[in-house]
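Heads up, the thing below is written out as structure tokens.
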Amino acid sequence: MATNVEETYLYSSPTTFKVSSKDGEIFDIDDSFINQSKTIKNMLNVLDIADNHMPIPLQNIKGTMLNAAIVFCKYHKNDLLSIPDDEDEDDFERDAYEPRRSDDISEWDKEFIKQFTVEEGTLFDIIMAANYLDIKALLAVGCKTIANMVRGKNSDQVRQMFNISYDPPGEGLNTPRNSVTSKESGDNQLLTTQEKESRCKTPSPELMYD
Amino acid sequence: MEHLPDELWVLIFRYLHRIDILHSFSQLSSRFQQILQSYYENMNLINVSYRHYKILCEQILPLHGSQVRSLILHNSLQLNKFKEHIKQLPHLQYLKLTSDYDDEDSIHEIEYYVDRLPQYLTDLHIDGCFVLSSILMKVLGGKAEVPEFPSLTNLTVLGSYAFEQPISQSDWHCLCMHRNLKTLKIHLTILEDIFCILPSMPNLEELYLSSLLNVIEFEDEKKMNGFRTVARSISSKLLKFHFETGRLHQEPNDSCR
């Protein structure tokens, strides 16, 4: 677990900075964000940023996601010490087969994450933003949300839910040796995963590679 | 979601049971098959729910059994139920069969598995139950000309055969040579049996041995002479020797650190 000493950042005042998203939006960030984003903290420690009027460019993050991450960090500014970290990686007592808890998302976090959807792809965007900014608590909330959506679903349902593309015909799982042989129809015809899907009652999702 | 990198999917998977991961993401695309590879390879059925067990046996093993490399089974009920599926794992390399100490039914189930183990098994762990000496003899080759499991490099037999007749000297002398065996963790009721086992393992590098020799018996000159002989008979390639009286814990490594 990170210690208080490690949490202390080395840069001196000022304690508010500006950051710019890849679409040019500029935001003010303060300690609540800096303390929770290891990426920003490292940037400030490595870069000699004397002028806090010059925005730090975050070229990988859209403005909407950066804004959401700032809101999240502001809400969680006081639970810094309870931020889940990668300390479990070093826990040799931990059973590698035992899944981590995902039913412990707070009500506020549940409401917060609802604004992001799979359909629009924003749920994945906020997870990637949290990963890039290295905000563990936000990353955990995103990952737990996806895990809770998936649990108990079979692969056809997951394909539909996330609109996962098939391998192109003749490639990957659709090479003849990997194709699914129809047993129900009684013939030995090799079916691609798409063809198998099309014979099921549920409609197949739109193929993304078309 | 297609642009979500693999490492983030792996982070998400940390919140899912392994069998749920395979159930939900198998056969989606070659990319996911690649990510799932290590999840197929290692199966631990300890504390697995009936729902997960059913998914594994009915949906995952028939398609992906050949990808399983490591399997852990626990208690006689599970050992019994899984019998029909062991043949679906032809490339199994690591097998751990465990049971509670009072689970005597597991003896017969373990015998079944030992008779049908894949030939190229490298790691076999039998732990917790009373292991018949016949099982031990079977694993170590019995009277066969060549070892039953020529690839075996790690063998753990922590059961006890206290309730059975000791293995006869003539049986021990018929053991095959296990030239690939590097690590042996074994509990012996009769310490002297180790003299008969060791010559069949000329390349042994690690020996973790426990015996029912107790403190009072340390005063028994005959027993102590036996122990000294064990120490002298150990392979010259041995790098680590751990001995304890009583019985080795389930994870002997812990006691040896």
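Note: hydrogens, waters and symmetry copies are ignored here, and every other heavy atom, side chains too, is used. Residue numbers start from 1 in every chain, and the chains themselves are labelled A, B, ... in the order their sequence lines are given, proteins ahead of strands.
- B/Glu7 CD to A/Asn131 CG: the interatomic distance, rounded to the nearest 0.5 Å, is 6.5 Å.
- Within 6.0 Å of CD on B/Gln34 lie no more than 12 heavy atoms contributed by other residues, nucleotides or ligands.
- Between the CG atom in B/Leu11 and the CD1 atom in A/Ile146 there is a gap of 12.0 Å [rounded to 0.5 Å].
- For A/Asn148, no part lies under 4.5 angstrom from a heavy atom of chain B.
- With a threshold of 4.5 angstrom between heavy atoms, A/Leu139 approaches chain B through side-chain atoms but not through N, CA, C or O.
- More than 12 heavy-atom neighbours from other residues, nucleotides or ligands sit within 6.0 angstrom of OH on B/Tyr112.
- Few gaps surround NZ on B/Lys83; more than 12 heavy atoms of other groups in view lie less than 6.0 Å from it.
- To the nearest 0.5 Å, atoms CD1 (B/Ile12) and OG (A/Ser102) are separated by 11.5 Å.
- A donor-acceptor contact shorter than 3.5 Å links the side chain of A/Arg159 to the backbone of B/Gln27.
- Remark: the backbone N or O of B/Tyr15 is paired with a side-chain donor or acceptor of A/Arg151 at under 3.5 angstrom.
- Looking at B/Leu28 and A/Ser155, their side chains come closer than 4.5 Å, going by heavy atoms from C-beta outward.
- Taken to the nearest 0.5 Å, the CZ atom of B/Arg18 stands 12.0 Å off from the CD atom of A/Glu98.
- Side-chain N or O atoms of B/Ser24 include one that pairs as donor or acceptor with a backbone N or O of A/Lys153 at under 3.5 Å.
- Separation of atoms CZ (A/Phe124) and CH2 (B/Trp9) is listed at 5.0 Å; rounding is to 0.5 Å.
- Per-residue heavy-atom pair counts under 4.5 Å with chain A were compared for B/Val48, B/Asp20, B/Leu8, and the maximum is reached by B/Leu8.
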